[in-house]
Structure formats: structure tokens, C-alpha cells
Peer 1: 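Here it is, the structure, as C-alpha cells.
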Amino acid sequence: MENIGMLILVVALFAGLTFLFYHAFKGYIKKESSPRKWKLTGDRVYFWQSVIFFSVMGTALVIFILKQGTSWNF
């Protein structure tokens with residue numbers, strides 16, 4: 001049962017970080033690249049790669065900090 005709670009936390013954290021990163025940088029990236037490059041070439045792919053990378057690393061960092069926080073004794 002504990003694993004289900006952790007899975008829900010990880011999925012929610014990943015989705016939240018993805019949403020935040022997407023909305024924070026989508027306008028900037030579309031403005032910096034031309035509309036033609038955004039539609040036809042890999043600019044959109046590179047943007048989504050960075051969104052996924054940021055979300056995975058952010059989720060891993062938060063889970064690591066939460067795991068370490070339970071083992072620290074102050």
C-alpha cells in the first residue's frame with residue numbers, strides 16, 4: 001500500500017513540474033524560433049526533450065530529498 005502512495009506522489013510531481021516548465025518557457029521558445037521552424041523542424045522536439053528531462057530530474061531530486069529527510073536525525 002505504501003508503494004501506491006509513492007507512485008501517486010511521483011506521477012503528480014512529474015505532471016506538475018511538466019506543466020510548470022511548459023507554461024513558463026513555451027512563449028519564450030516560440031518567440032525565439034520562427035513559426036516555420038517550430039512547425040516543420042525539430043524545435044518542438046527539442047523543447048519537449050528539455051521539458052521531459054527537467055521533469056524527470058526535478059522529480060528524482062525531490063524524491064531523493066524526501067527519502068534523505070526521513071533518515072536524518074536532528
Side-chain angles (χ1 to χ4, degrees):
M1 203 60 162
E2 293 175 15
N3 291 337
I4 299 296
M6 181 63 90
L7 182 65
I8 291 170
L9 174 68
V10 167
V11 169
L13 186 60
F14 179 79
L17 287 173
T18 302
F19 178 79
L20 289 174
F21 189 82
Y22 174 76
H23 281 289
F25 290 105
K26 183 181 181 208
Y28 172 75
I29 298 297
K30 282 184 87 171
K31 185 179 79 172
E32 288 297 317
S33 67
S34 67
R36 180 175 171 84
K37 282 180 67 177
W38 181 256
K39 285 187 174 189
L40 297 178
T41 61
D43 283 359
R44 194 179 316 185
V45 173
Y46 295 133
F47 174 67
W48 276 107
Q49 282 178 341
S50 64
V51 168
I52 298 298
F53 179 75
F54 173 79
S55 299
V56 167
M57 290 298 116
T59 302
L61 180 66
V62 169
I63 295 300
F64 175 75
I65 290 170
L66 288 175
K67 288 279 221 185
Q68 290 299 318
T70 59
S71 65
W72 289 337
N73 294 323
F74 289 109

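When a residue number appears, it is its place in the shown sequence, counting from 1. Quick caveat, the model's predicted, so the values are computed rather than measured.
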Peer 1: With the 4.5 Å side-chain cut-off for hydrophobic clustering, are V11 and L20 part of the same group?
Peer 2: no
Peer 1: In Å, rounded to the nearest 0.5 Å, how long is the span from CG of D43 to CZ of R36?
Peer 2: 12.5 Å
Peer 1: Apart from V45 itself, what residues make up its hydrophobic cluster when side-chain heavy atoms of I, L, V, M, F, W and Y under 4.5 Å apart count as a link, directly or indirectly?
Peer 2: none
Peer 1: Looking at residues at least two apart in the chain, or sitting in another chain, which of them share a side chain to side chain contact (heavy atoms under 4.5 Å, CB included) with L61?
Peer 2: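 Applying side chain to side chain contact (heavy atoms under 4.5 Å, CB included) to L61 gives I65.
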Peer 1: Walk me through whether L9 and I63 qualify under side chain to side chain contact (heavy atoms under 4.5 Å, CB included).
Peer 2: CA-CA 9 Å; L9 174 68; I63 295 300; 4.0 Å; yes
Peer 1: Enumerate the side-chain hydrogen bond (donor to acceptor under 3.5 Å, both in side chains) contacts for residues 52-63, please, sequence neighbours excluded, ordered by first and then second residue.
Peer 2: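 Qualifying pairs, neighbours excluded: T18-S55.
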Peer 1: Sorted by first residue and then second, give each side-chain hydrogen bond (donor to acceptor under 3.5 Å, both in side chains) pair with at least one member in residues 19-29; sequence neighbours left out.
Peer 2: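 Listed by first then second residue: Y22-K26.
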Peer 1: Apart from F53 itself, which Ile, Leu, Val, Met, Phe, Trp or Tyr residues share its cluster (side-chain heavy atoms under 4.5 Å, direct or through members)?
Peer 2: F14, I52, V56, M57
Peer 1: For residues V62 and V10: do they belong to one hydrophobic cluster (side chain heavy atoms under 4.5 Å, members Ile, Leu, Val, Met, Phe, Trp, Tyr)?
Peer 2: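 Same cluster.
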Peer 1: Only counting residues at least two apart or in another chain, list the ones meeting ring pair (Phe, Tyr, Trp, His ring centres under 6.0 Å) with F25.
Peer 2: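 Partners of F25 by the ring pair (Phe, Tyr, Trp, His ring centres under 6.0 Å) criterion, ordered by chain and then number, come out as F21.
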